[in-house]
Peer 1: 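Following this message is one structure expressed as structure tokens.
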Amino acid sequence: MSTTLKVAILGTGVIGAAWATGFLTAGHTVTAFDPADGAEARLRSQVEGNLEVTGEGDITSAMERLHFAGSLAESVGDADFVQENGPERLDIKQSMLAETDSAVPASAIIASSTSGFAPSELATKATNHPERIVVGHPFNPAHLVPLVELVPTPATPAEVVKRGLEIYRSIGKKPILLRAELPGHVTNRLQAALWQEAYSLVDRGMVSVEDIDTAISYGPGLRWAILGPLVQQGLSGGQGGMRHVLEHLGPPQEVWMRDLGQVHLGEELTDKLVAGVDDELEGKDPVLIAKQRDEMLLELIALKRKYGELP
């Protein structure tokens with residue numbers, strides 16, 4: 001998509017700033033709104049910092065295309081695309097999206113960054129064109145990680161879905177399309193499945209928090225960063241592929257699946273998890289770790305681009 005878009009960013013915290021960074025880097029114009037005191041200064045500082053980290057685009061040019069509006073209606077009045085990033089509370093998001101729906105041009109797409117709400121829930125109070133409200137859920141740190149989950153409602157026109165995917169691709173994102181609404185969408189559900197077993201193992205004293213992190217980050221996590229878990233599983237079957245894996249390893253795999261633990265995040269388990277993470281981070285600088293994580297993410301993404309499109 002070569003057309004320059006007018007993009008409205010509603011809510012300018014970490015996620016909103018990340019979205020602004022992506023749209024500005026791609027050459028689009030961004031008008032943001034956030035009612036919090038000092039929001040504009042924080043946004044400009046965060047975006048400039050993000051741009052320095054990514055090293056993409058002209059920072060001066062990008063900052064000249066970043067504007068801050070005095071009201072929600074002003075920010076979306078001529079927008080082609082809206083990305084909402086308000087607090088993760090259904091009532092607040094419904095109100096914001098209803099106000100947006102009443103003020104934005106009829107042709108605009110309205111996307112929410114919600115990590116779990118369904119778009120049909122979010123659009124309940126919208127009265128003009130609720131069918132153009134979708135979920136566009138990013139993955140943190142959103143100015144670096146390409147993934148976006150696009151979730152339409154059953155009433156969303158195919159053209160809105162197509163344009164939404166094109167817009168996200170135009171800013172370097174890797175969108176996936178959910179064919180039905182699910183609590184938590186897809187990625188958070190996959191994470192939750194892993195967290196559930198990790199929490200259970202810690203709760204039963206089977207392994208430490210640090211060892212779980214090591215098991216993933218130095219084991220399957222390395223492969224998953226290159227290829228997804230299913231195609232990776234298929235490759236492990238050699239010439240027989242996925243069928244060979246499932247026919248020979250499927251039965252014991254089912255035994256493991258049925259043995260996975262169920263947990264309740266009560267006070268005792270919460271204390272165990274917090275203490276485990278504190279122990280793992282003892283003597284280390286979390287800010288430095290996050291910085292190094294982001295630097296490695298950039299190198300990994302560059303490697304993926306170097307080797308071309310993989311499954």
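Keep in mind it's a predicted model, so treat the numbers as computed, not measured.
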Peer 1: Only one of His137, Glu88, Arg89 passes side chain to side chain contact (heavy atoms under 4.5 Å, CB included) with Thr114; say which it is.
Peer 2: Glu88

Peer 1: Applying side-chain contact (heavy atoms from CB on, under 4.5 Å) to Phe68 and Thr12, what does each step give before you reach the verdict?
Peer 2: CA-CA 10 Å; Phe68 203 89; Thr12 58; 4.2 Å; yes

Peer 1: Does some side-chain heavy atom of Leu177 sit less than 4.5 Å from a side-chain heavy atom of Pro152?
Peer 2: yes

Peer 1: Should we count CE of Met206 as having more than 12 external heavy atoms under 6.0 Å?
Peer 2: no

Peer 1: Go through the steps for Ser113 and Asn85 under the test side chain to side chain donor-acceptor pair (under 3.5 Å), then give the verdict.
Peer 2: CA-CA 5 Å; Ser113 295; Asn85 314 281; 2.6 Å; yes

Peer 1: Of all heavy-atom pairs between Ala79 and Val104, which one has the smallest distance, and what is that distance?
Peer 2: O-CG2, 4.0 Å

Peer 1: Could Glu197 and Arg204 be called an ion pair, given the rule that one side-chain N must be under 4.0 Å from one carboxylate O?
Peer 2: yes

Peer 1: Taking C-beta and beyond as the side chain, do Gln292 and Leu288 meet within less than 4.5 Å on heavy atoms?
Peer 2: yes

Peer 1: Looking only at heavy atoms, what is the nearest atom pair of Thr31 and Ser75, with distance?
Peer 2: CG2-CA, 3.8 Å

Peer 1: Under 3.5 Å, is there a donor-acceptor pair between the side chain of Lys284 and the main chain of Glu280?
Peer 2: yes

Peer 1: Rounded to the nearest 0.5 Å, how far apart are OG1 of Thr21 and CG of Asn50?
Peer 2: 3.5 Å

Peer 1: Measure centre to centre between the rings of Phe81 and Trp19, then say whether the value is under 6.0 Å.
Peer 2: no

Peer 1: Mark yes or no for whether Thr100, through its side chain, and Met96, through its backbone, hold a donor-acceptor pair below 3.5 Å.
Peer 2: yes

Peer 1: So, for Ser170 and Ala26, which heavy atoms are closest and what is the spacing to 0.1 Å?
Peer 2: O-CB, 3.6 Å

Peer 1: Which atom pair, heavy atoms only, marks the closest approach of Ser102 to Asn128?
Peer 2: CA-ND2, 3.4 Å

Peer 1: Answer whether the closest heavy-atom distance between the side chains of Pro138 and Val145 falls below 4.5 Å.
Peer 2: no

Peer 1: Output yes when a side-chain donor or acceptor of His129 lies under 3.5 Å from a complementary backbone atom of Ala106, and no otherwise.
Peer 2: no

Peer 1: For residues 257-279, please give each side-chain donor-acceptor pair under 3.5 Å, one per line with the distance, not counting sequence neighbours.
Peer 2:
residue : atom : partner : partner atom : Å
Thr270  : OG1  : Gly266  : O            : 2.8
Lys272  : NZ   : Asp203  : O            : 2.9
Lys272  : NZ   : Asp203  : OD1          : 3.2

Peer 1: With a 4.5 Å limit on heavy-atom distance, are the side chains of Leu97 and Thr124 in contact?
Peer 2: no

Peer 1: Tell me which donor-acceptor pairs under 3.5 Å the side chains of residues 224-235 have, and how far apart each pair is, sequence neighbours excluded?
Peer 2:
residue : atom : partner : partner atom : Å
Gln233  : NE2  : Gln253  : OE1          : 2.9

Peer 1: Test Arg42 against Glu48 for salt bridge (charged side-chain N to carboxylate O under 4.0 Å, His left out), laying out the working first.
Peer 2: CA-CA 10 Å; Arg42 286 192 297 274; Glu48 190 163 354; over 6 Å; no

Peer 1: Does Gln83 use its side chain to pair, donor to acceptor, with the backbone of Gly136 at less than 3.5 Å?
Peer 2: yes

Peer 1: Check for me, please, whether Leu10 and Phe117 land in the same ILVMFWY cluster - side-chain distances under 4.5 Å, paths through other members count.
Peer 2: yes

Peer 1: Quick one: name the residues clustered hydrophobically with Val245, using the 4.5 Å side-chain heavy-atom rule over I, L, V, M, F, W, Y, and just say none if it's on its own.
Peer 2: Leu249

Peer 1: What salt bridge (charged side-chain N to carboxylate O under 4.0 Å, His left out) pairs are there with at least one residue in residues 14-41, not counting sequence neighbours?
Peer 2: Glu40-Arg44

Peer 1: Please say whether more than 12 non-hydrogen atoms of neighbouring residues, nucleotides or ligands are located less than 6.0 Å from CZ in Arg293.
Peer 2: yes

Peer 1: With side chains defined as the heavy atoms from C-beta onward, is the minimum distance between Lys174 and Val148 less than 4.5 Å?
Peer 2: no

Peer 1: Report yes or no: do Val82 and Leu165 belong to one cluster of Ile/Leu/Val/Met/Phe/Trp/Tyr joined by side chain heavy-atom distances under 4.5 Å?
Peer 2: no

Peer 1: Side-chain heavy atoms under 4.5 angstrom apart, residues restricted to Ile, Leu, Val, Met, Phe, Trp, Tyr: same cluster for Ile176 and Val151?
Peer 2: yes

Peer 1: Supply the atom-to-atom distance Ile167 CD1 to Ile109 CD1, rounded to the nearest 0.5 angstrom.
Peer 2: 4.5 Å

Peer 1: Working to the nearest 0.5 Å, report the span between OG1 of Thr187 and CZ of Arg189.
Peer 2: 11.5 Å

Peer 1: So how far is it from Ile171 CD1 to Leu24 CG, rounded to the nearest 0.5 Å?
Peer 2: 10.0 Å

Peer 1: Check the orientation of Tyr199 and Trp195. Use parallel for under 30°, tilted for 30 to 60°, and perpendicular for over 60°.
Peer 2: parallel

Peer 1: Please list all pairs meeting salt bridge (charged side-chain N to carboxylate O under 4.0 Å, His left out) that have one or both residues in residues 112-135, counting only residues at least two apart or in different chains.
Peer 2: Asp101-Arg132

Peer 1: For the pair His28 and Phe23, name the ring-plane relationship: parallel under 30°, tilted 30 to 60°, perpendicular over 60°.
Peer 2: tilted

Peer 1: Count I, L, V, M, F, W, Y as connected when their side-chain heavy atoms are under 4.5 Å apart, and connections chain through other members. Are Ile301 and Leu51 then in the same cluster?
Peer 2: no

Peer 1: Assess the residue pair His67 and Val30 against the criterion (side-chain contact (heavy atoms from CB on, under 4.5 Å)); give the C-alpha distance rounded to whole Å, side-chain angles, the decisive distance to 0.1 Å, and a yes or no.
Peer 2: CA-CA 6 Å; His67 311 287; Val30 171; over 6 Å; no

Peer 1: If hydrophobic clusters are built by linking Ile, Leu, Val, Met, Phe, Trp and Tyr wherever their side-chain heavy atoms come under 4.5 Å apart, do Ile9 and Leu144 end up in the same one?
Peer 2: no

Peer 1: Minimum heavy-atom separation for Thr4 to Gly27, with atom names?
Peer 2: CG2-O, 3.5 Å

Peer 1: Tell me, do Leu298 and Val53 make a side-chain contact under 4.5 Å, heavy atoms counted?
Peer 2: yes

Peer 1: I'd like to check Val135 versus His185 (side-chain heavy atoms, cut-off strictly below 4.5 Å). Are they in contact?
Peer 2: yes

Peer 1: I need the full list of salt bridge (charged side-chain N to carboxylate O under 4.0 Å, His left out) pairs touching residues 70-87, with sequence neighbours left out, sorted by first then second residue.
Peer 2: Lys6-Asp78, Glu84-Lys93

Peer 1: Hey, are the side chains of Thr29 and Leu5 touching, using non-hydrogen atoms and a 4.5 Å cut-off?
Peer 2: no

Peer 1: Measure the CE-CD distance between Met296 and Glu299 for me, rounded to the nearest 0.5 Å.
Peer 2: 8.5 Å

Peer 1: Return yes if a side-chain donor-acceptor contact under 3.5 Å exists between Asn188 and Ser115, otherwise no.
Peer 2: no

Peer 1: Set out, in order, the CA-CA distance, both residues' side-chain angles and the distance that settles side-chain contact (heavy atoms from CB on, under 4.5 Å) for Tyr168 and Arg163, then state yes or no.
Peer 2: CA-CA 9 Å; Tyr168 284 134; Arg163 281 181 55 219; over 6 Å; no

Peer 1: Closest approach of Gly164 and Leu150, non-hydrogen atoms and distance?
Peer 2: C-CD2, 4.4 Å

Peer 1: Could you walk me through whether Lys173 and Leu147 pass the side-chain contact (heavy atoms from CB on, under 4.5 Å) check?
Peer 2: CA-CA 6 Å; Lys173 292 298 187 182; Leu147 177 67; over 6 Å; no

Peer 1: Look up atom OG in Ser61 and atom CG in Leu66, then write down how far apart they are to the nearest 0.5 Å.
Peer 2: 11.5 Å

